[in-house]
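Take a look at the structure below.
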Amino acid sequence: MQNSELHRITDWLIDGARSSGTPAEMIADVCEHLVEAGLPLWRFGIFIRTLHPEIFGRNFIWRQGEEVEIGSVDFEILETPEFAKSPLRIVFEQGLEVRGRIDGRDNERFPFLDDMRAEGATDYIAVPMPFLDGSVHATSWVTRHPGGFSDDHVAAIRSIVTPLARVAEIISLRRTAEMLLDTYVGNRAGARILGGQIRRGHNDTMQAAIWLSDLRGFTALSDRLPAETVVEILNQYFDCQVTAIRGHGGEVLKFMGDGLLAVFPIDEYVGDAAHVCTRVLEAARESRASVEALAFPVGDIVERFRFGVALHVGNILYGNIGGGNRLDFTCIGPAVNLAARLEKIAGRLGRTVVVSEVFANACRHDWRALGEFPIAGFSKAQRVYGLGEETPVVMA
């Protein structure tokens with residue numbers, strides 16, 4: 001090993017690996033420089049546990065002469081036989097270094113080594129990578145060098161893990177912040193918050209299609225079922241909408257009991273009102289089909305569900321609203337108020353989808369005029385439209 005080159009790599013990591021634009025580039029740079037310094041590295045893996053409701057962790061795999069592969073695993077991996085017999089399980093759970101000689105002696109203990117041997121590997125070592133918060137992550141190092149890693153090679157690996165952990169932790173914290181903001185406030189709002197739009201009064205006006213929906217009969221449902229069951233039903237019910245909304249360019253801003261508020265921005269990047277509203281309508285129809293197909297068994301009864309959604313187009317005020325140091329990134333304005341009133345009309349009419357006159361004019365469709373309705377807080381009655389193919393169902 002060339003100690004001077006090893007020190008240069010360490011100093012570069014301590015300085016933040018600033019010449020690398022992405023995590024994948026940083027990993028590739030580290031591995032390639034280590035090879036140049038004399039480490040006979042063939043494969044490297046870094047495994048970062050994440051703070052995410054669905055994803056257990058992310059992995060980055062480098063192989064000599066190949067692009068870095070990036071992947072993620074969900075929490076189900078913890079129940080798999082592969083993880084039970086993985087060296088990484090020992091690293092994550094016990095924080096211990098694991099050495100696996102790929103000559104047959106450790107293959108029964110770690111079946112993963114069979115795959116490595118089939119690719120010509122001779123030695124494997126998994127090294128814990130602790131973060132400052134106490135969490136333990138992992139790195140793995142594989143060589144094809146005859147005789148495996150020498151003592152000097154292992155010492156070099158151990159020396160590089162600590163500065164690598166500092167950079168990895170910074171990147172991980174940034175990504176965790178992005179994921180949490182995406183999960184709790186939405187991707188567009190999250191990007192703005194990370195960009196510095198965090199003070200009360202930081203607001204923008206934008207044109208958007210507005211989606212406001214709720215579950216029919218939710219009060220009665222909550223009264224007769226246990227709270228835990230109601231939460232599980234709500235989660236499945238919201239899944240029916242969120243997938244469609246996000247798939248068609250919308251952003252969910254808020255869950256309010258059984259209600260959902262989402263917006264679909266209209267600008268030069270995503271398309272004009274006609275284009276966006278067509279996508280919104282498609283999302284509404286997909287959600288309707290998913291909710292209609294949703295069946296939830298409770299004892300001897302299978303619960304079925306209906307929902308209503310109101311669609312409108314208008315200008316909204318989008319940004320930070322709140323009191324003291326407790327803020328919410330949301331949208332307000334007459335357009336949002338009108339959508340909320342229209343959703344109540346949808347329930348009275350037994351309709352799943354109702355739209356404002358503005359939305360109907362923007363989105364050409366077989367609309368059926370449902371009449372004009374006085375709206376509380378608005379000086380003029382509003383004309384409301386429904387889908388021509390939809391048969392109203394009056395809730396008992």
Side-chain angles (χ1 to χ4, degrees), residues 53-54 75 183-186 209-248 250-264 280-312 328 330-332 336-356 359 368 370-371 373 375-377 384-387 389-396:
E54 296 177 337
F75 284 92
T183 299
Y184 285 97
V185 302
I210 303 159
W211 169 302
L212 215 154
S213 64
D214 79 352
L215 180 64
R216 301 292 183 237
F218 177 68
T219 302
L221 190 77
S222 301
D223 184 57
R224 61 187 172 82
L225 294 179
E228 295 80 3
T229 302
V230 173
V231 170
E232 192 171 348
I233 288 172
L234 279 178
N235 286 335
Q236 294 189 28
Y237 160 68
F238 284 133
D239 276 341
C240 294
Q241 298 178 74
V242 172
T243 300
I245 290 169
R246 298 193 65 171
H248 289 277
E251 178 173 4
V252 175
L253 288 185
K254 193 177 296 295
F255 298 103
M256 305 160 291
D258 63 315
L260 186 155
L261 171 64
V263 294
F264 295 73
V280 175
L281 179 58
E282 187 60 33
R285 294 165 111 177
E286 288 180 14
S287 297
R288 179 183 63 183
S290 296
V291 172
E292 288 175 352
L294 180 61
F296 193 95
V298 180
D300 297 331
I301 299 174
V302 176
E303 299 283 351
R304 308 303 295 246
F305 309 96
R306 294 187 65 251
F307 86 120
V309 57
L311 307 175
H312 180 45
D328 190 11
T330 187
C331 66
I332 61 170
V336 179
N337 298 338
L338 178 57
R341 303 292 190 272
L342 292 180
E343 195 283 319
K344 300 304 179 187
I345 292 173
R348 299 206 318 256
L349 298 178
R351 290 270 174 175
T352 300
V353 180
V354 300
V355 306
S356 67
F359 190 99
R368 178 170 297 174
L370 304 179
F373 297 84
I375 305 292
V384 180
Y385 294 83
L387 298 176
E389 77 268 15
E390 195 172 278
T391 302
V393 177
V394 179
M395 301 290 289

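Count residues from 1 along the sequence. Values reported hereafter were calculated over all heavy atoms of this structure, with side chains retained and with hydrogens, waters and symmetry mates removed.
Not a single side chain to side chain donor-acceptor pair (under 3.5 Å) links R368 to another residue, sequence neighbours left out. F296 meets the ring-ring contact (aromatic ring centres under 6.0 Å, His included) test with no other residue; sequence neighbours excluded. Under the side chain to side chain donor-acceptor pair (under 3.5 Å) criterion, N337 pairs with no residue at all, not counting sequence neighbours. Under the ring-ring contact (aromatic ring centres under 6.0 Å, His included) criterion, F238 pairs with F255, not counting sequence neighbours.
Contact between A310 and A339 at its shortest, heavy atoms only, is CB-O, 3.4 Å. In this structure, R216 and G347 approach most closely via the heavy-atom pair NH2-N, 3.2 Å. A pairwise comparison of heavy atoms in L349 and P392 identifies O-CB, 3.4 Å as the closest pair. When every heavy atom of A209 is checked against every heavy atom of F359, the shortest pair comes out as CB-CE1, 4.5 Å. Among all heavy-atom pairs drawn from R341 and A376, the shortest one is NE-O, 3.4 Å. In terms of heavy-atom proximity, S356 sits nearest to H312 at OG-ND1, 2.7 Å.
Remark: side-chain polar atoms of D258 are not paired, donor with acceptor, to backbone N or O of F218 under 3.5 angstrom. Formation of a donor-acceptor pair under 3.5 Å by the R306 side chain with backbone atoms of G217 is not found in this model. Put simply, the side chain of R246 never gets that close to the backbone of E251: no donor and acceptor are under 3.5 Å apart.
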Residues 229-236, side-chain donor-acceptor partners within the protein, below 3.5 Å, at least two apart:
from, atom 1, to, atom 2, distance (Å)
N235, ND2, V231, O, 3.4

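Separating the CZ atom in F264 from the CD1 atom in I245 is a distance of 5.5 Å, to the nearest 0.5 Å. Residue R224 holds its CZ atom at 7.0 Å from CD1 of I301, rounded to the nearest 0.5 Å. The OH atom of Y237 sits 11.5 Å away from atom OG of S290, with the distance rounded to the nearest 0.5 Å. To the nearest 0.5 Å, the span separating CG on L311 from CG on L342 amounts to 9.0 Å. A distance of 6.5 Å separates CZ of F307 from OG1 of T352, quoted to the nearest 0.5 Å. If you take CG on L260 and CD on E343, they are separated by 11.0 Å, rounding to the nearest 0.5 Å.
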Exercise. Hey, mind stepping through L221 and L215 against side-chain contact (heavy atoms from CB on, under 4.5 Å) and telling me if it holds?
Worked result: CA-CA 10 Å; L221 190 77; L215 180 64; 4.3 Å; yes

Problem set entry | Evaluation steps, side-chain contact (heavy atoms from CB on, under 4.5 Å), between I210 and L261 | CA-CA 8 Å; I210 303 159; L261 171 64; 4.0 Å; yes

Exercise. Hey, mind stepping through D214 and K344 against side-chain contact (heavy atoms from CB on, under 4.5 Å) and telling me if it holds?
Worked result: CA-CA 9 Å; D214 79 352; K344 300 304 179 187; 4.0 Å; yes

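Two residues are said to be in side-chain contact when any heavy atoms from C-beta on lie closer than 4.5 Å; V309 and Q241 fail this criterion. L225 places a side-chain heavy atom less than 4.5 Å from the side chain of E303. In this structure, the side chains of V336 and T330 stay at 4.5 Å or more apart for every pair of heavy atoms.
Residue pairs satisfying the salt bridge (Lys or Arg N to Asp or Glu O under 4.0 Å) criterion with at least one member in residues 283-294, sequence neighbours excluded, are listed as follows: R285-E389, R288-E389, R288-E390.
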